[in-house]
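Data first, discussion second: the structure below is written as structure tokens.
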Amino acid sequence: MTEIRLYNTATRSKQLFKPLDPNNVRMYVCGPTVYDRAHLGNARPVIVFDTLYRLLRHVHGPDHVTYVRNFTDVDDKINATAMARRQAGAPGSLEQLVRERSDETIRWYREDMDRLGALRPTHEPRATEYIDQMVALIADLIAKGHAYEAEGHVLFRVRSYAGYGRLSGRSVDDMIAGARVEVAPFKEDPMDFVLWKPSGDDLPGWGSPWGRGRPGWHIECSAMSQELLGTSFDIHGGGNDLQFPHHENEIAQSMCAHPDAGFAQVWMHNEMLQVEGKKMSKSLGNFFTVHDLLAQGVPGEVIRFVFLGTHYRKPMDWTAEKAQGARRTLKKWYAEIALADGRGEVDAGVVASLANDLNTPEAISKLHDLSARQDWHGLRASLRLLGLIGRNVPDWAGDSPVDANTTALIEALLVERAEARRNKDFARADQLRDGFVTAGVIIMDGAEGSTWDLTPEFDKSTLEALK
RNA sequence: GGCGAGUUGGCGGAGUGGUGACGCAGCGGAUUGCAAAUCCGUGUACAGGAGUUCGAUUCUCCUACUCGCCUCCA
């Protein structure tokens with residue numbers, strides 16, 4: 001069996017991956033807060049951990065991997081949208097409007113991530129459906145002395161967990177020294193964080209032993225992973241911005257509730273995304289969503305390919321130039337594998353690269369090898385493993401859907417050019433050749449005649465001017 | 001201020017204690033009326049300094065610079 005090596009943030013080293021139960025490899029990834037469309041940065045962990053999911057399924061068998069990715073649908077921005085809608089006269093209770101907002105955002109998220117070739121996780125739990133488990137977990141933490149109630153809040157007693165700060169390499173004292181956060185007066189210690197907080201009448205809330213309220217952010221992942229994967233499981237993933245405080249707090253909660261279970265064995269964090277060399281932010285004007293990009297005609301496969309071109313633990317720069325290159329490469333490969341039947345074997349080199357801490361850039365270089373060796377079956381199967389092709393070659397890469405008019409016009413102009421060349425009227429022949437280029441038509445002359453294709457920049461009026 | 005990550009050829013981007021991935025661009029050749037596409041060939045890069053070593057881009061230390069987190073942003 002293929003040996004998988006993964007970099008474990010918790011030990012800061014790459015180590016051999018040994019599942020607790022090879023018949024049920026379990027992975028939890030922190031999913032989105034569903035307050036709006038997913039931006040491009042949200043796509044990175046999705047693609048990274050989807051690739052890992054595919055690798056695990058390949059190695060252990062599709063039925064022996066359980067992948068959980070949550071939706072966080074308890075959030076002030078969701079509430080704000082719901083309240084704004086109610087003010088605008090939308091019917092229904094606040095709870096219903098909150099639910100509607102999450103529902104539509106989740107639907108968008110799934111549509112967008114599907115387009116990126118990401119498989120749906122085994123479970124996609126919503127935080128609001130696990131409130132009972134969270135309440136039980138919080139009560140357990142209080143009973144064990146790791147949490148306390150104060151002014152309607154329940155807080156986690158950070159000093160009660162000696163391992164706090166291990167994952168992110170911080171000491172509690174250092175963090176307090178450098179803290180820039182205002183400390184709530186009811187906290188025993190500045191580092192203590194909220195497990196449960198009270199909700200006023202104008203906010204969604206649930207009944208609890210501590211009054212009507214809502215959970216803090218971190219407790220949901222502890223509760224849902226425990227419910228769906230057990231008190232210990234194999235891999236926990238997310239963006240490296242979650243390393244602290246989110247994952248640190250998750251560890252504290254889960255380890256204190258189940259001191260002997262071990263919680264997650266391997267912690268994996270993807271680096272952040274940049275756009276044209278800069279952090280993506282609304283103020284810089286380089287902020288866009290996955291949906292924006294798809295709507296502009298950038299195919300999901302192209303986005304995925306660009307992402308896989310950088311190792312997940314390095315910052316990744318999204319550029320228009322990369323997207324263009326990715327489109328060309330994929331289109332070439334799609335044309336090459338058109339005749340492959342899809343029953344080929346996945347290339348061992350591709351698997352080996354992935355098994356080495358998801359070295360996707362190296363895996364892509366192996367795809368280039370397969371293409372150069374004309375191993376179309378292997379290329380197709382390997383593209384499939386990487387999620388760069390589904391059952392069929394995507395429509396955008398096939399023969400461009402061209403209306404009959406345009407086809408006839410191009411064919412006629414090609415005939416004219418062939419005649420001009422035969423008659424040594426090179427002025428006209430070159431005029432047509434250059435005109436095709438300007439119009440966005442690629443002409444490929446071969447021994448048995450000319451073939452053509454349209455670039456995304458194809459412009460029909462420019463072509464018609466050639467007549 | 002604290003913690004962490006990084007700095008590889010024109011660009012992107014892997015990797016390794018000693019045979020200089022891979023892609024794009026460029027250059028040379030084949031081909032072409034000239035081109036495009038294609039095919040063949042082609043690159044003496046590892047931030048700076050010191051150290052360890054027979055030998056370092058790869059290990060250690062220092063310096064510079066970049067970036068991320070410390071704010072319920074992946």
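What you see below is based on every heavy atom in this structure, not just the backbone, and it leaves out hydrogens, waters and symmetry mates. Within every chain, numbering begins at 1; the chains are lettered A, B, ... in the order of the sequence lines, protein sequences first and strands thereafter.
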Inspect the contact between A/Lys331 and A/Asp453 and indicate whether a charged nitrogen and a carboxylate oxygen are less than 4.0 angstrom apart.
-> yes
Side-chain N or O of A/Lys366 less than 4.0 angstrom from OP1 or OP2 on B/rA14?
-> no
Do A/Trp196 and A/Phe156 have ring centroids that are under 6.0 Å from one another?
-> no
When rounded to the nearest Å, what value does the distance between C1' atoms of B/rA21 and B/rA14 take?
-> 6 Å
Please tell me which of the listed nucleotides, B/rC69, B/rA14, B/rC24, lies nearest to the side chain of A/Glu362?
-> B/rA14
Starting from P on B/rA37, measure out to NZ on A/Lys331 and report it in whole angstrom.
-> 15 Å
Look at A/Asp317 together with A/Lys322 and state whether they make a salt bridge at an N to O cut-off of under 4.0 Å.
-> no
How is A/Phe426 classified with respect to the nucleic acid when contacts are heavy atoms under 4.0 Å: base, sugar-phosphate, or nothing?
-> base
Should the pair A/Asp425-A/Arg417 be classified as a salt bridge under the 4.0 Å nitrogen-to-oxygen rule?
-> no
Rounded to whole Å, CE of A/Met272 lies from P of B/rC67 at a distance of 16 Å
Under a 4.0 Å N-O cut-off, is there an ion pair linking A/Glu419 with A/Arg428?
-> no
Using a distance-only test with no angle check, is there a side-chain donor-acceptor pair under 3.5 angstrom linking A/Ser168 and A/Gln243?
-> no
Counting side-chain heavy atoms from CB outward, which of B/rC69, B/rG15, B/rA21 is closest to A/Ser365?
-> B/rA21
Selection from B/rG4, B/rC73, B/rC70 that lies nearest to any side-chain heavy atom of A/Pro245 = B/rC70
Pairing of RNA chain B as dot-bracket, 5' to 3': ( ) intra-strand, [ ] crossing, | other strand, . unpaired, with Watson-Crick or G-U pairs under 3.5 Å?
-> (((((((..(((.....[...))).(((((.......)))))....(((((..]....))))))))))))....
Distance between the P atoms of B/rG68 and B/rC62, in whole angstroms?
-> 24 Å
Do the side chain of A/His39 and the base of B/rA74 come within less than 3.5 angstrom through a donor-acceptor pair of N or O atoms?
-> yes
B/rA47 versus B/rU8 - spacing of their P atoms, nearest Å | 7 Å
Figure out the CG/C1' separation between A/Leu273 and B/rA74, and round it to whole Å.
-> 10 Å
Would you mind telling me which of B/rC34, B/rC24, B/rA35 lies closest to the side-chain atoms of A/Asp445?
-> B/rA35
Could you tell me how the ring of A/Trp267 sits relative to the ring of A/His269: parallel (under 30°), tilted (30 to 60°) or perpendicular (over 60°)?
-> parallel
Let me know the distance between NE2 of A/His311 and C1' of B/rA21, rounded to the nearest Å.
-> 16 Å
Answer yes or no: side-chain N or O of A/Arg328 and base N or O of B/rC24 forming a donor-acceptor pair under 3.5 Å.
-> no
Nearest listed nucleotide, side chain of A/Thr310, among B/rA74, B/rA14, B/rG33 | B/rA14
When you measure from the side chain of A/Arg433, which nucleotide among B/rC69, B/rG23, B/rA35 comes out closest?
-> B/rA35
Check whether any side-chain nitrogen or oxygen of A/Lys332 sits under 4.0 Å from OP1 or OP2 of B/rA37, and answer yes or no.
-> no
A/Lys14 and A/Asn356 side chains, donor-acceptor separation under 3.5 Å = yes
Can A/Asp445 and A/Arg421 be counted as an ion pair, charged N to O under 4.0 angstrom?
-> yes
A/Lys322 vs B/rG13: side-chain N/O to OP1/OP2 distance below 4.0 Å = yes
On a whole-Å scale, what distance lies between the P atoms belonging to B/rU63 and B/rC22?
-> 38 Å
Using a strict 4.0 Å threshold on nitrogen-to-oxygen distance, state whether A/Arg99 and A/Glu129 make a salt bridge.
-> yes
At under 4.0 Å, does any side-chain N or O of A/Lys314 touch on OP1 or OP2 of B/rG68?
-> no
Nearest-Å distance once atom P is located in both B/rU53 and B/rG13 = 36 Å
Salt-bridge criterion met for A/Asp50 and A/Arg54 (N-O under 4.0 Å) = yes
Among B/rG33, B/rG68, B/rC73, find the nucleotide with the atom closest to the side chain of A/Asn240.
-> B/rG68
What parts of residues 110-130 of chain A reach RNA chain B, counting only heavy atoms under 4.0 Å away?
-> none
Candidate nucleotides B/rA5, B/rA37, B/rC70, ranked by approach to the side chain of A/Met444 - the nearest = B/rA37
Distance check: side-chain N/O of A/Asn42 vs OP1/OP2 of B/rC73, anything under 4.0 Å?
-> no
Take atom P in B/rU42 and the same atom in B/rG51, then report the distance between them in whole Å.
-> 38 Å
Can you find an N or O donor on one side and an acceptor on the other, under 3.5 Å apart, linking the side chain of A/Asp317 with the base of B/rG12?
-> no
Taking atom C1' of B/rU32 as reference, at what distance in whole Å does atom CZ of A/Arg417 sit?
-> 10 Å
